[in-house]
Number of protein chains: 2
Amino acid sequence: MEHTTAQHPDDLAQRLADSGLRNTPQRELVYKGILARRDHPTAEEVFARAKAEMPTISLATVYNCLETLIDCRLVRAVHFERAPTRYCPNLVPHAHFHDSKTGATHDIDLPDELLSALKKLLPAGYTADAIDITYHGRCAGEEKPENLKTQN
Amino acid sequence: MEHTTAQHPDDLAQRLADSGLRNTPQRELVYKGILARRDHPTAEEVFARAKAEMPTISLATVYNCLETLIDCRLVRAVHFERAPTRYCPNLVPHAHFHDSKTGATHDIDLPDELLSALKKLLPAGYTADAIDITYHGRCAGEEKPENLKTQN
DNA sequence: TGCTTCTCTGGAATCATTCTAAGTTTAGGT
DNA sequence: ACCTAAACTTAGAATGATTCCAGAGAAGCA
C-alpha cells in the first residue's frame, strides 16, 4: 500500500533517477499520455496518444515504458476481468467502479478504516500487501458517451 | 449478489432445467471437477480432470460448460490480473486471498456489514451489482507445496 | 419417423502481451 | 573528443488463453 502522490510530469525524472533509470522522450510521452486524462487508458490508447507526438514510437516501447512507470510506482495497472490492462496515475489507495453499460471507470476513495476492517478479516498469519476492489454496476446519468474513442 | 448455495452435483440437473438447458455428461463432469476440490482450478485443470473420466471431451466443451455453469449461477469466475480464469463453486459472497509465493487461493468470507459499508462509499446514482475483492500477499506456514499440479 | 434445436468437437482465428535479435543512445571513463 | 558497456528502442515473431466456426451428434417433440 503506497501513499505517495506524484501526479506531475516533472516527478518522472526524479523517480527514474531514484531507480537508476534513464529519462527518455518515450517514457515522458507515455507518462504524459496517462496523466493527460483520468480515463484509465489501455496500452493501445496510450500508444495512440504517444504516436500523435512521436510517430516512430512502437507499441513494444509503450509496454516497456508502462512497466517502468509501474516499477517506479508512478502508475498502477488496473484489471477488469480479462479485458486489456488499463493504467491509472492515481496512487492514493482507491477502488474502481466499472460501469457495465458504458464501460467507463471511476475511482472511489477508500477510507483507512475500511481498509483496516478488510485486513481484520484475514486469518492469523495472512499478510496482505495490496487489496484490489472493483465495483461492477451502473451509474445513472451516464449514457454511452458520444465520443468513446478512449472510453470502454 | 447471489446468496443461493448449491454445492451439490445433484443441484445441477435442477438448475439446468430451470434455465431450459439440457443435462449432459459433459456438464456433469465439468461441474464435478470443480466441486471435487476447492482449489480454484483453471479451465485447463478442469479439462484434465474431465478427460481422466471422458477422454474424448474437448477443451472447447469445457469452456462451453463453464460458461453454462456460470450462467446457471452454480460457479463463479475468478480473475487475478490477466492470469488464466479460475473457477469457484463457492456462491456465498466472499473475497479471495492470493498468495503471491505459492499461487494458492483462499476464500475469505465477507460480513454483510462490510459489503454495505463498501456500497455506502458510492456516490449517489451509482448502483453496484457485484463487488470483487482480492487480497494479494503471503500466508505463513504455506511453503510452495510439493505437489502443485493443480495449484498456482 | 423426421425435423428442429441444443450440444459437442477439432481446428482455425483472435488478440493482448511478451520475447527476440538487432540497431540506437547514453553515461562515464580515458 | 572517443570508446565501451549498459540501458533503450524497435519491428516483427511467438505465446497463450479464449473464442469462433462449421460440421457431426444427441434429444425433444410433432
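Remark on DNA chain C: of its neighbouring residues B:P25 and A:P84, the 5'-side contact belongs to B:P25, judged by nearest-heavy-atom nucleotide. Comparing B:A60 and A:E44, the nucleotide of DNA chain C nearest to each residue sits closer to the 5' end for B:A60.
Taking atom CG on A:L16 and atom C1' on D:dC8, their separation rounds to 12 Å, with Å as the unit. In this structure, CE of B:M54 is placed 13 Å from C1' of D:dA26, rounded to the nearest angstrom. In this structure, B:F47 places its CZ atom 10 Å from C1' of C:dT9, rounding to the nearest Å. The separation between A:D71 atom CG and D:dA7 atom P is 14 Å, rounded to whole Å. Rounded to an integer number of Å, the gap from B:N23 CG to D:dG28 P is 11 Å. Atom P of nucleotide D:dA17 and atom CD of B:E67 are separated by 18 Å, given to the nearest angstrom. Taking atom CG on A:L66 and atom P on C:dT18, their separation rounds to 10 Å, with Å as the unit. Here the C1' atom of nucleotide C:dA16 and the CD atom of A:E81 are 16 Å apart, to the nearest Å.
A:L59 and A:Y87 fall within the same hydrophobic cluster, where Ile, Leu, Val, Met, Phe, Trp and Tyr residues are linked whenever their side-chain heavy atoms come under 4.5 Å apart, directly or through other members.
Rounding to the nearest 0.5 Å gives a distance of 8.0 Å between CG of B:L69 and CZ of B:R27. Distance OH/B:Y63 to OG1/B:T85: 7.0 Å, rounded to 0.5 Å.
Proximity of A:Q26 to the phosphate of C:dT25: no side-chain N or O atom is located under 4.0 Å from OP1 or OP2. Phosphate proximity of D:dT18 to B:T85: present, with a side-chain N or O under 4.0 Å from OP1 or OP2. At C:dT17, one or more side-chain N or O atoms of A:Y63 fall inside 4.0 Å of OP1 or OP2 (strictly under the cut-off). When the side-chain nitrogen and oxygen atoms of B:R82 are compared with OP1 and OP2 of C:dA16, none of them lie within a distance under 4.0 Å. Phosphate proximity of C:dT7 to B:R27: present, with a side-chain N or O under 4.0 Å from OP1 or OP2.
Judged by atom type and distance alone, B:R22 reaches the base of C:dC6 through a side-chain donor-acceptor pair under 3.5 Å.
A side chain to side chain donor-acceptor pair (under 3.5 Å) with A:H96 is found for exactly one of A:D132, A:D107, A:T134, namely A:D107.
Residue A:S58 places its side chain closer to D:dA11 than to any other of D:dT18, C:dC8, D:dA11. Listed nucleotides: D:dT10, C:dC8, D:dT18. Nearest to the side chain of B:L59: D:dT18.
In this structure, the side chains of B:I133 and B:L118 come closer than 4.5 Å at one or more pairs of heavy atoms.
Using a 4.0 Å heavy-atom cutoff across all strands shown, A:T24 reaches sugar-phosphate atoms only and no base atom.
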